[in-house]
Amino acid sequence: MELGLVELLRAAWIAGTLPILIASLPCSWLGSFHGLVLGFARRGKIMQSSSHRKFTVPQRFFSHFYVVAVAWTTLLLLGTSIYAYRMTPIVSEPFFYSDLGSYLAGRSNIFSFHRSRLMSLENRYRVWLSVFLLLLMEVQVSRRLFETAYVFKYSASARMHIFGYLTGLFFYTAAPLTLCCTCAPEVLKFGINEVSEFILKGTSSMQNIEFYWWDFVNPLLKLGWCQWIGAVIFLWGWIHQHRCHAILVSGHCNVKLPKGSLWKLDDFQCNEVILLYVCRTEFTSILILGSLREHVGKADEYVIPRGDWFEIVSSPHYLAEIVIYAGMVFASGGADLTIWLVFGFVVSNLVFAAAETHRWYLQKFDNYPSNRVAIIPFLC
């Protein structure tokens with residue numbers, strides 16, 4: 001049996017999730033396997049507390065994930081958007097909806113006559129849904145690239161395991177592709193045909209294409225309430241991840257943010273600071289560029305993070321990531337098994353990493369708040 005793209009992606013996500021789930025089982029005879037998987041997952045302050053530093057790379061290589069993610073997601077988004085705009089426009093079809101009403105009234109013979117139009121409409125919505133999901137992913141990875149470049153300046157001692165590095169590259173290659181996997185073969189074929197025609201016949205053979213923004217935006221607006229509720233969930237997690245990253249960074253230099261601020265960006269050495277203040281009530285932002293003198297104290301000193309979701313969990317930035325991908329699942333309509341497998345991969349990996357981070361906090365600080373759990377509020 002020939003395996004298609006969807007089947008290969010599902011197999012890859014299952015293969016990536018199963019080891020984490022097995023290592024998380026509370027079985028004493030799995031202790032060595034748990035330690036092996038944990039060694040692969042360690043990075044940053046957790047890696048620094050470990051003597052196992054072989055086969056590691058600098059943690060600043062995190063930027064590679066988001067460079068790849070932005071480039072790959074942008075390519076997929078452009079290709080899928082052009083295909084959707086050219087080949088699958090969503091227009092009003094009054095006859096189709098009247099026929100659908102006739103079917104619901106019991107006149108199935110009329111419906112069967114227009115079954116091909118139903119499949120065509122489903123296909124068009126499927127393609128535009130992929131465009132919508134890729135737009136959400138583009139927003140996420142672009143912000144993470146910005147943060148990695150200007151927010152987090154990792155110390156020279158910060159490391160991560162090479163296997164974790166390769167896993168990150170896999171994730172940010174496979175996740176965007178998963179969001180459009182149902183139409184990716186069609187988009188690829190369309191792109192190859194367009195490029196081939198251009199090479200063989202030159203620019204004279206290409207159609208004069210007029211682009212209208214409304215013709216691009218209108219199909220997205222017709223996707224339905226499920227997609228927009230998913231986008232709201234996505235934005236909720238996106239904003240809180242901003243805030244939690246700001247709190248994490250400020251904890252290294254003990255610099256307080258103005259009350260009501262959304263961002264405070266600086267590096268771990270506190271040599272240069274980029275401060276982006278976002279008013280929570282009016283959603284306006286002011287970007288202030290400046291510099292601060294090097295902070296007195298060691299860059300590797302940690303304090304207990306406080307504020308926002310840190311008041312209830314130890315890794316709220318991981319919790320926010322789960323919320324972000326839950327929003328994508330909701331926006332997809334929840335009917336695509338492949339996207340659910342991506343979500344399962346994200347949840348299993350982040351819960352596993354958060355549990356180790358929580359243990360590190362408990363060992364590091366005697367006065368660590370007892371009401372905080374690792375990642376899922378009031379559960380674990």
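No hydrogens, no waters, no symmetry mates; every other heavy atom, side chains included, goes into these values.
Of all heavy-atom pairs between A354 and A374, the closest is O-CB, 3.9 Å. Smallest separation of non-hydrogen atoms from I20 and S348: CG2-O, 3.2 Å. Residue I375 comes nearest to S315 through the heavy atom pair CG1-O, 4.1 Å, listed as atom of the first residue, atom of the second, then distance. Taking all atoms of both residues into account, the shortest heavy-atom contact from L379 to V373 is N-CG2, 4.5 Å. Contact detail for A84 and V131: the closest heavy-atom pair is CB-CG2, 4.1 Å. In terms of heavy atoms, V68 sits closest to L169 at CG2-CD2, 4.2 Å.
Two rings, from W128 and Y83, have their centers 6.0 Å or more apart. Centroid-to-centroid, the aromatic rings of H64 and F61 come within less than 6.0 Å. Residues F65 and Y165 bring their aromatic ring centres within 6.0 Å.
The side-chain hydrogen bond (donor to acceptor under 3.5 Å, both in side chains) check on T74 picks up E138, with sequence neighbours excluded.
Rounding to the nearest 0.5 Å places CD1 of I312 at 6.5 Å from CG of L319. Separation of atoms CZ (F62) and CG (L145) is listed at 13.5 Å; rounding is to 0.5 Å. Of the inter-residue distances, the one linking R306 atom CZ with E311 atom CD reads 6.5 Å to the nearest 0.5 angstrom. With rounding to the nearest 0.5 angstrom, the SG atom of C226 is 4.5 Å from the CZ atom of F330. For the atom pair OH of Y66 and OG1 of T73, the computed distance is 12.0 Å after rounding to the nearest 0.5 Å. How far CG of L18 is from CZ of F345: 11.5 Å, rounded to the nearest 0.5 Å.
Counting only heavy atoms from C-beta outward, the side chains of W309 and V323 approach each other to under 4.5 Å. Residues F132 and L136 meet the side-chain proximity criterion, which asks for heavy atoms closer than 4.5 Å. The side-chain heavy atoms of L248 and F310, taken from C-beta on, include a pair separated by under 4.5 Å. In this structure, R372 and I304 have side chains that are in contact, with non-hydrogen atoms separated by less than 4.5 Å. Residues F171 and V342 have side chains in contact (heavy-atom distance under 4.5 Å, counting atoms from C-beta outward). At least one side-chain heavy atom of R159 sits less than 4.5 Å from a side-chain heavy atom of P58. The closest side-chain heavy-atom distance from L129 to T182 is not below 4.5 Å. Looking at heavy atoms from C-beta onward, V351 lies out of side-chain contact with Y318 at the 4.5 angstrom threshold.
By the criterion of side-chain heavy atoms lying less than 4.5 angstrom apart, applied directly or through intervening Ile, Leu, Val, Met, Phe, Trp or Tyr residues, F365 is grouped together with I247 in one hydrophobic cluster. Hydrophobic cluster membership is shared by V347 and L337, with clusters built from Ile, Leu, Val, Met, Phe, Trp and Tyr side chains linked at under 4.5 angstrom. By the criterion of side-chain heavy atoms lying less than 4.5 angstrom apart, applied directly or through intervening Ile, Leu, Val, Met, Phe, Trp or Tyr residues, L362 is grouped together with W360 in one hydrophobic cluster. In terms of hydrophobic clustering, with Ile, Leu, Val, Met, Phe, Trp and Tyr side chains grouped at heavy-atom distances under 4.5 Å, W228 and W225 are assigned to a common cluster. Cluster membership check: M160 shares its hydrophobic cluster with I162, using side-chain heavy-atom separations under 4.5 Å among Ile, Leu, Val, Met, Phe, Trp and Tyr.
Judged by distance alone, the side chain of T17 and the main-chain N or O of I14 form no donor-acceptor pair under 3.5 Å. Between the W13 side chain and the L341 main chain, no donor and acceptor come within less than 3.5 Å of each other. Looking only at distances, no side-chain donor or acceptor of R243 sits under 3.5 Å from a matching main-chain atom of D308. Using modelled atom types, one side-chain atom of W340 and one backbone atom of G334 make a donor-acceptor pair closer than 3.5 Å. Under the 3.5 Å distance criterion, the side-chain polar atoms of S142 are left unmatched by any main-chain donor or acceptor of V139. Using a distance-only test at 3.5 Å, with no hydrogens or angles considered, a donor-acceptor pair links the side chain of S332 to the main chain of V329.
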Practice problem: Start with the C-alpha gap between W72 and V141, add the side-chain angles, then the distance that decides, and say whether side chain to side chain contact (heavy atoms under 4.5 Å, CB included) holds. | Solution: CA-CA 10 Å; W72 180 231; V141 298; over 6 Å; no
Practice problem: Might you work through the side chain to side chain contact (heavy atoms under 4.5 Å, CB included) test for M328 and F343, ending with a clear yes or no? | Solution: CA-CA 9 Å; M328 290 188 184; F343 183 66; over 6 Å; no
Quiz prompt | Worked check of side chain to side chain contact (heavy atoms under 4.5 Å, CB included) between I376 and V313 | solution = CA-CA 7 Å; I376 306 299; V313 296; over 6 Å; no
Exercise. Show your reasoning for whether side chain to side chain contact (heavy atoms under 4.5 Å, CB included) applies to C183 and R126.
Key: CA-CA 8 Å; C183 63; R126 175 171 54 85; 3.5 Å; yes
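Here E7 does not pair with R10 in a salt bridge; the nearest charged N to carboxylate O distance is not below 4.0 Å. The existence of a salt bridge linking E356 and R359 is confirmed by a sub-4.0 Å separation between a basic side-chain nitrogen and an acidic carboxylate oxygen.
A donor and an acceptor atom, one from each side chain of Y368 and S314, are located under 3.5 Å apart. No hydrogens or angles considered: a donor-acceptor pair under 3.5 Å links the side chains of W236 and H240.
Around atom CZ of R60, no more than 12 heavy atoms belonging to other residues, nucleotides or ligands sit under 6.0 Å away.
Q241 pairs in a side chain to side chain donor-acceptor pair (under 3.5 Å) with only one of the listed residues (H317, E147, E321), which is E321.
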